[in-house]
Amino acid sequence: MKGIIFNVAEEVVTDLYGADAWDSLLASAELEGAYTSLGNYDDAEIAAIIAAAAVLLDVGLDETWRIVGRHMLPLLAQRLPNITGQYDDAEQFLLSVNDIIHPEVKLLYPDSIPPVFEFTDTDAGLLVRYQSTRGLTTLAEGLILGCGDLFGETVTVETMNCDSSTDCTFRVSFSDR
């Protein structure tokens, strides 16, 4: 996993729970915690940090991933203002992930392996299929919720079908706050 994800996760934890919380998580996970944004790190390290956060906060593991994802998206967007600034709403932004955002990520981080999203517009909402070898479906759900926060909208995410942790479909609804 790219170091920028660790950097933003640290910022989320620090913003929500204070600087000491990040150090406590690293100690609990038995990790050094020196992550550079362009570095590559084992996925197990972020999983250990999130697991430690779940224990420290007395919150379920899936909910911890959602919280981090939701707060992570606006922080990642701040790092890519030339990309995010071209969208008017959360739905437009989400629909652009594969075509604009992930290619930009690949330019900045050529060895990154972003997830793939498929979109189907229905009367009941936007169906979003998440596919990734990392199996971070609840992080993806949190990131989708964070799209709403970024654009000041209420986004509702309902899990429709998860064949595995690597392939999951959500129904996403958008509404102004």
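Computed from a predicted structure; not experimentally measured.
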4.5 Å side-chain heavy-atom contact, Leu56 and Tyr17 | no
Indicate the atoms forming the closest heavy-atom contact of Thr64 with Ala53, along with that distance.
-> CG2-CB, 3.8 Å
Is Val157 close to Val128 at the side-chain level, that is, under 4.5 Å between some pair of heavy atoms?
-> no
When rounded to the nearest 0.5 angstrom, what is the spacing between CZ in Arg134 and CD1 in Ile5?
-> 8.5 Å
According to a 4.5 Å side-chain heavy-atom criterion applied to Ile, Leu, Val, Met, Phe, Trp and Tyr, with indirect links allowed, do Phe119 and Val155 form part of one hydrophobic cluster?
-> yes
Partners of Tyr41 by ring-ring contact (aromatic ring centres under 6.0 Å, His included), sequence neighbours excluded?
-> Phe6, Tyr35
d(His71 NE2, Leu76 CG) to nearest 0.5 Å is 13.5 Å
Shortest non-hydrogen contact between Ile46 and Ala9, atoms and distance | CD1-CB, 4.1 Å
Side-chain donor/acceptor of Ser28 to backbone N/O of Ser24, under 3.5 Å | no
Reported CD-to-CD distance for the pair Gln86 and Gln92, which is rounded to 0.5 angstrom = 9.5 Å
Report yes if the side chains of Asp89 and Phe174 come closer than 4.5 Å at any heavy-atom pair, otherwise no.
-> no
All salt bridge (charged side-chain N to carboxylate O under 4.0 Å, His left out) counterparts of Arg129, not counting sequence neighbours | Glu118, Asp167
Please check if Leu61 and Met72 belong to a single hydrophobic cluster, counting links between Ile, Leu, Val, Met, Phe, Trp and Tyr side chain heavy atoms closer than 4.5 Å.
-> yes
Honestly curious: do Ile49 and Leu16 fall in one hydrophobic cluster under the side-chain, below-4.5 Å linking rule?
-> yes
How many angstroms lie between atom CZ of Arg66 and atom OG1 of Thr137, to the nearest 0.5 angstrom?
-> 8.0 Å
Where is the tightest heavy-atom contact between Ala21 and Val13, given as atom of each residue plus distance?
-> CB-CG1, 3.8 Å
Heavy atoms of Ser173 and Ala124 approach each other most closely as OG-O, 4.1 Å
Taking the side chain from Asp43 and the backbone from Met1, do they hold a donor-acceptor pair closer than 3.5 Å?
-> yes
How far apart are the closest heavy atoms of Cys147 and Ala90, and which atoms are they?
-> O-CB, 3.6 Å
Would you check, one step at a time, whether the test side-chain contact (heavy atoms from CB on, under 4.5 Å) holds for Ile4 with Arg79?
-> CA-CA 10 Å; Ile4 190 168; Arg79 288 166 168 76; 3.6 Å; yes
Mind checking whether Leu73 and Asp149 have side chains closer than 4.5 Å, heavy atoms only?
-> no
Under 4.5 Å between any side-chain heavy atoms of Leu95 and Glu91, yes or no?
-> yes
Remaining members of the apolar cluster that contains Leu127, side-chain heavy atoms under 4.5 Å | Met160
Does Leu31 share a hydrophobic cluster with Val55, counting links as ILVMFWY side-chain heavy atoms below 4.5 Å and allowing steps through other members?
-> no
Pairs involving residues 120-155, ordered by first then second residue, that meet ring-ring contact (aromatic ring centres under 6.0 Å, His included) (sequence neighbours left out) = Phe93-Phe151, Phe117-Tyr130
Atom CD of Glu45 and atom CG of Leu26: how far apart are they, to the nearest 0.5 Å?
-> 9.5 Å
Identify whether Leu139 and Val59 are in the same connected component of the hydrophobic contact network (ILVMFWY, side-chain heavy atoms under 4.5 Å).
-> yes
In Å, rounded to the nearest 0.5 Å, how long is the span from CG of Leu150 to CG of Leu143?
-> 11.5 Å
Quick one: list whatever passes salt bridge (charged side-chain N to carboxylate O under 4.0 Å, His left out) with Asp62, sequence neighbours left out.
-> none
Residue pairs meeting salt bridge (Lys or Arg N to Asp or Glu O under 4.0 Å), one or both in residues 19-34, sequence neighbours left out, come to none
